[in-house]
Structure formats: structure tokens, C-alpha cells
Amino acid sequence: MITALSTWPISDFYQKNEILVICLAVIVLLLLFIMIIVSISKSRRLKTLKRLNKVAEESRQLKNAFIANMTHEIRTPLNAIAGFTTILDEADNLGREERMTFLNEINENKDVLLQLVNDLLDYSKIESNTLECNDSEVDVNALIMEICTAENAHPRSSGIRVEIVEQLPQCRLMIDRTRFKQVIDNLLRNALKFTEQGSVKLGYRRLSNRNFYFYVADTGCGIDEESRRAIFECFVKMNYNIRGAGLGLAITKSIVEHYGGGIGVESKKGEGSTFYFTLPAELEYKEYGKF
């Protein structure tokens, strides 16, 4: 009886104020829900802030590394050009062979500097999506022969020459000649940089799906698995003692992908590398009668 009497006022109060109690309960639940949302939002903001700070720090480090690398890459050929020019200007007793040697060094460093500037300009155009491609009919065999002849005209201490080992009887593509040449040049120069003995071979063929497969195979130092994953990224260099900004392969990748192709590398440390790229069959220009 006592228990019944003691609970009666509460029950009576609930019955009389049922709507009010429900409203209070809903308000409490809403407050709890809002507190949880605020807490989650605050946690997310903190994580985002930490992530942004990390990205900003990485960006700062990359910028500093880029400036340091570019300063070194530009200063080295400039110092060589300035040094050899001064010697030629001040030395009166130099023989013809010595003068020719110094002039060759000046020309080589001039070419390095020009290539660096061109790569930086191309990289800037790629980043701003303003890289232009003016497509025309290109005789692939004639262009490859032209590239190989030019590369083999440069004497190398290793004695390595570029060999054309595979090609179709005839092939014409509707593609930007300068950019297509740039792709093959970049792959060849990259192979020649890292090959001290053996061979550098260039070829292409048609795949079963009618697409074109181009490759440059060398017997150089090779690339380990971890490095292969990053080799087509901007400013990545496998050997910082080798000249270059680390942009050539990244630019090559962008050009190939612009035409709907793909690029890759097969390599094993110490056993050489094969860089390859594909181009869609749709790029073929079949009106051979014009040649």
C-alpha cells in the first residue's frame, strides 16, 4: 500500500504532463546528438588541420629540394661554359686539338642547359594543361632512323651505339612529330646515360589488339622494384650524379597518355631495363600511296 501511494504522484504527474516529458526527453536526446556531432566535427577538423600541415610541410620540403636541385643543375653547365670560355679567351698557346676539346665541352654543356630549360618549360605547360600537339602524318621508320643516326653521331667512351632491332615494313602515324620524337629521344638518352657496356636496342611491333608497342632495351645498371614505382614521377632521379632535372620520363609519360597510350618499364637491378610505350591503332595513317 505504501509503495502504491508513493508511486502514485509520479504516475499522476506523468499522465498529466506526458507531452512535456516527451518534449524534454527529445530535447535531451537532441542535445546529446548535437554534442556528438560537434565532437566528431572537431575531431575531423583537427585531423584535416594536421593533414594540411603535413601537406604544407611536404610541399615546403619539395620546393626547397626543387630549388636546390635546379640551382645545382643550372650552375654546373654554366660554370663549365664560363670556365672553358675564359680559358679560350685568355690562353694564347693552346693548340688546335685543345681548342676543339674545350669547344666540344662548351657545346655539350650548352646542350645540357638547353635541355633543362626545355624540360622545365614542357613541365610547366603540362601542369597548366597548355601543352600543344600539332598532329601530322609521320613516317615512323624514317623518324627512328633519323633519331638513331643523330645519337650514333655522338662519340661515346663506352663505344655503345643504338641499334634498330625490330620494325614494321612501313608505318605512318597521325601524331605530333616533335612530341613523338621527344618520347623516343628521352627513352634513348635515359638508356644511354645508365649503360656503360653492352647495348641499347630500339624497336617496335604491332600487338594482337593492333596497337603499337615501342621499346628501348639496354644492358645498364637496372632498376630495383621500389624505384620502378616512382620512376615516371616528376623530379625523380635514380642517380643524382647523373645530369638532369628528373623530368624527362614524366614528360614522356604525359605525351604518351595524351594520345591514349600507356608506358612502363621492365627491369632487374644489375641486369638492364626495357622501357616501353604503346599507342592506339587508331593513330595509324594508312594512305601509303603518298610516300
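Not measured: the values here are computed from a predicted model. Excluded from the calculations below are hydrogen atoms, water molecules and symmetry mates; all remaining heavy atoms, backbone and side chain alike, are included.
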When clusters are formed by joining ILVMFWY residues with side-chain heavy atoms under 4.5 Å apart, either directly or through shared neighbours, do [X] and [Y] land in the same one?
X: Ile81; Y: Leu114; value: no
X: Leu131; Y: Leu121; value: no
X: Leu173; Y: Leu168; value: yes
X: Val138; Y: Ile164; value: yes
X: Leu207; Y: Ile184; value: no

Checking side-chain polar atoms at under 3.5 Å, does [X] have a donor or acceptor matched by the opposite partner on [Y]?
X: Thr278; Y: Asn211; answer: no
X: Asp176; Y: Gln182; answer: no
X: Arg189; Y: Gln115; answer: yes
X: Asp135; Y: Tyr285; answer: no

Counterpart residues, ring-ring contact (aromatic ring centres under 6.0 Å, His included), relative to Tyr215 (two or more places apart)
Tyr213
Mind checking whether [X] and [Y] have side chains closer than 4.5 Å, heavy atoms only?
X: Glu146; Y: Leu143; answer: yes
X: Tyr123; Y: Ser254; answer: no
X: Val112; Y: Leu116; answer: no
X: Thr252; Y: Phe277; answer: no

Donor-acceptor check, side chain of [X] to backbone of [Y], threshold 3.5 angstrom: yes or no?
X: Asp119; Y: Leu247; result: no
X: Thr195; Y: Leu192; result: no
X: Thr274; Y: Ala217; result: no
X: Arg228; Y: Ser267; result: yes
X: Asp218; Y: Ser273; result: yes
X: Ser124; Y: Leu120; result: no
X: Thr130; Y: Ile126; result: no
X: Thr219; Y: Ser199; result: yes

Please name the pair of heavy atoms, one in [X] and one in [Y], separated by the smallest distance, quoted to 0.1 Å.
X: Phe212; Y: Cys171; answer: CE2-SG, 3.7 Å
X: Cys148; Y: Val162; answer: SG-CG1, 3.6 Å
X: Val216; Y: Ala191; answer: CG1-CB, 3.8 Å
X: Ile160; Y: Gly198; answer: CG1-O, 4.0 Å

Nearest 0.5 Å, please: how far is [atom2] in [Y] from [atom1] in [X]?
X: Asn109; Y: Thr85; atom1: CG; atom2: OG1; result: 9.5 Å
X: Arg205; Y: Glu166; atom1: CZ; atom2: CD; result: 5.0 Å
X: Asn190; Y: Asp185; atom1: CG; atom2: CG; result: 12.0 Å
X: Cys221; Y: Lys269; atom1: SG; atom2: NZ; result: 5.5 Å
X: Leu249; Y: Asn186; atom1: CG; atom2: CG; result: 7.0 Å
X: Ser136; Y: Arg172; atom1: OG; atom2: CZ; result: 10.0 Å

Got more than 12 heavy atoms from elsewhere within 6.0 Å of CE, Met145?
no
Exceeds 12 heavy-atom contacts within 6.0 angstrom, atom CZ of Arg99:
yes
Hey, mind stepping through Arg179 and Asp122 against side-chain contact (heavy atoms from CB on, under 4.5 Å) and telling me if it holds?
CA-CA 11 Å; Arg179 297 303 176 192; Asp122 284 342; 3.4 Å; yes
Go through the steps for Tyr204 and Asn141 under the test side chain to side chain donor-acceptor pair (under 3.5 Å), then give the verdict.
CA-CA 10 Å; Tyr204 77 97; Asn141 290 347; 2.5 Å; yes
Is there a side-chain contact (heavy atoms from CB on, under 4.5 Å) between Val183 and Ile263 once you walk through the steps?
CA-CA 11 Å; Val183 167; Ile263 191 167; 5.8 Å; no
Should Asp139 and Arg177 count as an ion pair when the cut-off is N to O under 4.0 Å?
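Between Arg177 and Asp139 there is no salt bridge, as every charged N stays at least 4.0 Å from the carboxylate O atoms.
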Can you name the side chain to side chain contact (heavy atoms under 4.5 Å, CB included) partners of Arg210, sequence neighbours left out?
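By the side chain to side chain contact (heavy atoms under 4.5 Å, CB included) rule, Arg210 matches Arg206, Ala281.
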Establish, yes or no, whether a centroid distance under 6.0 Å links the rings of Phe214 and Phe180.
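Here the rings of Phe180 and Phe214 have centres that are less than 6.0 Å from each other.
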Please lay out, stage by stage, how Tyr276 and Val265 fare under the test side-chain contact (heavy atoms from CB on, under 4.5 Å).
CA-CA 6 Å; Tyr276 61 88; Val265 59; 5.5 Å; no
